[in-house]
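Reviewing the structure listed below.
Numbering of residues begins at 1 and proceeds along the displayed sequence. Remember, it's 1-based here, ligands and their atoms both numbered in the order they're listed.
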Amino acid sequence: MTSVHYSTPIVDIDEIGNGNHLYMKRDDMIPFSFGGNKARKAEYFFREVDAGDYDCIVTYGSSSSNHCRVVANQAAKRGLPCYIIGPEEASEPTYNHLLMEWFGAETMTVPVNEVHDTIEAKLEALRAEGKHPYFIAGGGHGNLGTRAYIDCYSEIVQYEKETGIHFDKIFFASGTGTTHAGLVCGKFLFPRKKDTEIIGISIARKNPRGRQVVLDSIKEYFDSLGVKLGEEEVEQATIFLDRYTGDGYAGSSEAVQEVIYRVMTKYGIPLDHTYTGKAFYGMERYLEEEEVRGENILFIHTGGTPLFFDELFGARMAEEARRGEAEE
Ligand SMILES: *Cc1c(COP(=O)(O)O)cnc(C)c1O
């Protein structure tokens, strides 16, 4: 399969902290369905859909899932039925959910511990009807998702070659781990003289499991190529920071809200409270805590723009509720 190259812009943002220089790779500007890392990954999954004789799509994720929104959009584009299974525990109304419904996806929620069996049952039922479903794991997890972020890394290397700028550190939000795995694989596939540290800011998972999932994905990808890497080498290259997770997928602290407001007012770039805002906050804290100086820093904006609007709307509703109480 040939690669999908987007070459999303890398923009020069500002000086941050102690003489560090911040750049941002705008994967939120991938030109499909509000972009983001799920749009980058979905491109590969839907190439497989187009190459096969699939007639419907099955995936899973919460009501705020960027992955499910992009998949529902890709399915609608092809006129394919799309079935989305989600956990009841994370089914609040969101813009992503509105979009999924608008695209005609059929969403069903079950208690989180029944998600796995419900997916199996749905696939069974569709096959029993003579259908040929294409299944995509939550978050676009798997080798194709990893592959998508190897592409991203190669775009970064290309930019470095063209400009002579070397990135000392790359930060981004790490969730299900394939974005992270792809970047680390890229580092091995496109080696350079000067090191680049790839630092995933965990949005929910804790170590050691969070890091292990990334390591497993890296191994799975290289196994598929028939390449064996030194375990120690891979472990060293996989930096998974779990100290800024806040409330995980449920949201974030006031400090993160301050970051979101500041980045939007100063640079006009929307972040969200689950992924990119938290990762940006984690990056700033890390640079300060580790006393990083004089480095070139790249932040990968992994998308999630509809979540920015959820936050904006939620903040407005909370404000109105407060005012209402004050008047009573
Ligand atoms: C899913 C997501 C992530 C995390 O990506 P993973 O590949 O699941 O680790 C980061 N940012 C945004 C906006 C996302 O939607």
Self-check item: Qualifying side chain to side chain donor-acceptor pair (under 3.5 Å) pairs with a residue from residues 18-37, counting only residues at least two apart or across chains
Solution: Thr8-Lys25, Thr8-Asp27, Asp12-His21, Glu15-His21, Lys25-Glu155, Arg26-Asp28, Asp27-Arg40, Asp27-Tyr149, Ser33-Asn73, Asn37-Thr179
Quiz item: Can you find a side-chain donor-acceptor pair between Lys187 and Thr196 that sits under 3.5 Å?
Solution: no
Quiz item: Using 30° and 60° as the class limits, which term best fits the ring planes of Phe309 and Tyr95: parallel, tilted or perpendicular?
Solution: perpendicular
Practice problem: With sequence neighbours excluded, give me every side chain to side chain donor-acceptor pair (under 3.5 Å) pair touching residues 83-93. | Solution: none
Quiz item: Do we see a donor-acceptor contact under 3.5 Å between the side chains of Ser202 and Arg211?
Solution: no
Exercise. Heavy-atom cut-off of under 4.0 Å around ligand 1: list whichever protein residues fall inside it, by chain and number.
Key: Asn37, Lys38, Lys41, Asn66, Ala173, Ser174, Gly175, Thr176, Gly177, Thr178, Thr179, Tyr275, Thr302, Gly303, Gly304
Less than 3.5 Å apart, which donor and acceptor atoms pair up between the side chains of residues 280-297 and the rest of the protein, not counting sequence neighbours?
from   : atom 1 : to     : atom 2 : distance (Å)
Tyr281 : OH     : Arg285 : NH1    : 2.5
Glu284 : OE1    : Arg262 : NH2    : 2.8
Glu284 : OE2    : Arg262 : NH1    : 3.0
Arg285 : NE     : Glu289 : OE2    : 3.3
Arg285 : NH2    : Glu289 : OE2    : 3.0
Glu289 : OE1    : Arg243 : NH1    : 2.4
Glu289 : OE1    : Tyr244 : OH     : 2.8
Glu290 : OE2    : Arg243 : NH2    : 3.3
Glu295 : OE1    : Lys169 : NZ     : 2.7
Glu295 : OE2    : Lys169 : NZ     : 3.2
Asn296 : ND2    : His166 : O      : 3.0

